[in-house]
Amino acid sequence: MCWSATADLVAGAAITSVGVACVARTRRARDLPLAALPLLLGAHQLVEARVWHTGGGTGAATLAWAVIALPVLALWVPLGVWCASARRARRRVTATVLVGTVTAGFLAYGLATRPVRAEIRGHTMAYVIGLPQAQLLVAAYLVATVGALLLSGDPRLTLLGVLAAAGALVCWLLWRLEFVSTWCALAAVCSVVLYGWVRRGPAPRALPAWDVRH
């Protein structure tokens, strides 16, 4: 979320560009889901720009924003981390994938059975859903997403998890005060960190000598 339609458009375009670079530089197929995360985050900002233009409400853009923010990310992040993790770390990350799957299921059910309404509040956009057990769902969401990064066993992904946790707290506080919405800035920082993770990934294996000769 950003503080205006223009900010969302600029942030969305920039984050999407980082996502394209991440995917283009990915060397291992199993890294692709996580490398493509900035593409999803960029699209998320562009969708919210549309929400701003329509003045909030309960339209298709509002629902699309909620679907990406809630069930999709709850499953995408831990699954992407699991795919990219080494074998020895996957057992730890598997627990977060399970939590993410269950959480995404509850969130998807909630979105399917309850209306989603966007409200402009100062320089922020609020999304009203009315999910039952909201605090428990938020806790499970954080365990699935941030927890997966912290348990990945990769120092750069662990750093990303720390940044995501600290940044989410700051963004939430500013959003609660209806001062300004800075979630798009957090998405941009996380995307840049992911680009660094992709760029410093392992080099592709060299072909055996007999393959080169033949």
Side-chain angles (χ1 to χ4, degrees), residues 11-12 14-47 64-109 111 137-168 183-184 186-208:
I15 295 170
T16 300
S17 298
V18 174
V20 171
C22 284
V23 171
R25 294 187 68 97
T26 300
R27 297 170 179 173
R28 303 183 302 188
R30 63 190 180 95
D31 292 340
L32 274 175
L34 198 55
L37 180 59
L39 290 177
L40 182 63
L41 296 177
H44 199 218
Q45 301 304 320
L46 296 176
V47 167
W65 184 95
V67 168
I68 295 173
L70 299 176
V72 172
L73 282 176
L75 184 56
W76 187 302
V77 174
L79 191 58
V81 173
W82 185 89
C83 290
S85 296
R87 288 183 183 272
R88 61 183 180 275
R90 282 187 174 180
R91 182 175 298 178
R92 299 193 302 268
V93 179
T94 297
T96 66
V97 175
L98 295 176
V99 173
T101 302
V102 174
T103 304
F106 277 107
L107 291 171
Y109 177 77
L111 293 178
L137 286 173
V138 169
Y141 186 99
L142 292 175
V143 168
T145 53
V146 176
L149 293 167
L150 295 177
L151 295 173
S152 66
D154 185 307
R156 290 183 294 274
L157 294 183
T158 300
L159 172 62
L160 178 58
V162 173
L163 289 174
W183 294 97
C184 55
L186 176 60
V189 170
C190 290
S191 297
V192 171
V193 174
L194 270 175
Y195 176 74
W197 169 74
V198 170
R199 195 167 67 87
R200 296 189 181 98
R205 292 180 179 178
L207 290 174

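Side chains are part of it too, since the values below use all heavy atoms of this structure and drop only hydrogens, waters and symmetry mates.
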With sequence neighbours excluded, tell me which residues meet side chain to side chain contact (heavy atoms under 4.5 Å, CB included) with Phe106. Val102, Leu137
Supply the atom-to-atom distance Leu37 CG to Cys190 SG, rounded to the nearest 0.5 angstrom. 8.0 Å
Checking Leu39 against Val20 for the side-chain contact (heavy atoms from CB on, under 4.5 Å) test, could you report, in this order, the C-alpha distance in whole Å, the side-chain angles of both residues, the deciding distance, and whether it holds? CA-CA 7 Å; Leu39 290 177; Val20 171; 3.8 Å; yes
Return the CZ to OH distance between Arg156 and Tyr195, rounded to the nearest 0.5 Å. 13.0 Å
What distance separates Thr26 OG1 from Asp31 CG, expressed to the nearest 0.5 Å? 6.5 Å
Looking at Val81 and Ser152, what are the two nearest heavy atoms and their distance? CG1-CB, 3.7 Å
Between Leu157 and Leu194, is any pair of side-chain heavy atoms under 4.5 Å apart? yes
Trp76 vs Leu34, side-chain contact (heavy atoms from CB on, under 4.5 Å): CA-CA, chis, key distance, verdict: CA-CA 8 Å; Trp76 187 302; Leu34 198 55; 5.7 Å; no
Taking the side chain as everything from C-beta on, heavy atoms only, tell me whether Tyr141 gets closer than 4.5 Å to Leu73. yes
Using every non-hydrogen atom in the two residues, find where Val192 and Val18 come nearest and quote the distance to one decimal. N-CG1, 4.4 Å
Checking the side chain of Arg30 only, and the main-chain atoms of Ala84 only, is there a donor and an acceptor separated by less than 3.5 Å? yes
Mind jotting down which residue pairs meet the side chain to side chain donor-acceptor pair (under 3.5 Å) criterion with at least one end in residues 79-107? Sequence neighbours excluded, please. Trp82-Thr94
Check Ala74 against Ala144 and note the closest heavy-atom contact, atom names and distance. O-CB, 3.9 Å
Minimal non-hydrogen separation, Ala165 against Val146, with atom names: CB-CG1, 4.0 Å
Quick one: closest heavy-atom pair of Ser191 and Leu41, and the distance? OG-CD1, 3.9 Å
Does some side-chain heavy atom of Asp154 sit less than 4.5 Å from a side-chain heavy atom of Leu160? no
Tightest non-hydrogen contact, residues Val198 and Ala35, listed as CG2-CB, 3.9 Å
Is the backbone N or O of Trp65 less than 3.5 Å from a side-chain atom of His44, with the two atoms forming a donor-acceptor pair by type? yes
Would you say Pro71 and Leu111 make side-chain contact, with heavy atoms under 4.5 Å? yes
Do Leu79 and Pro33 come within less than 4.5 Å of each other through their side chains, counting heavy atoms only? no
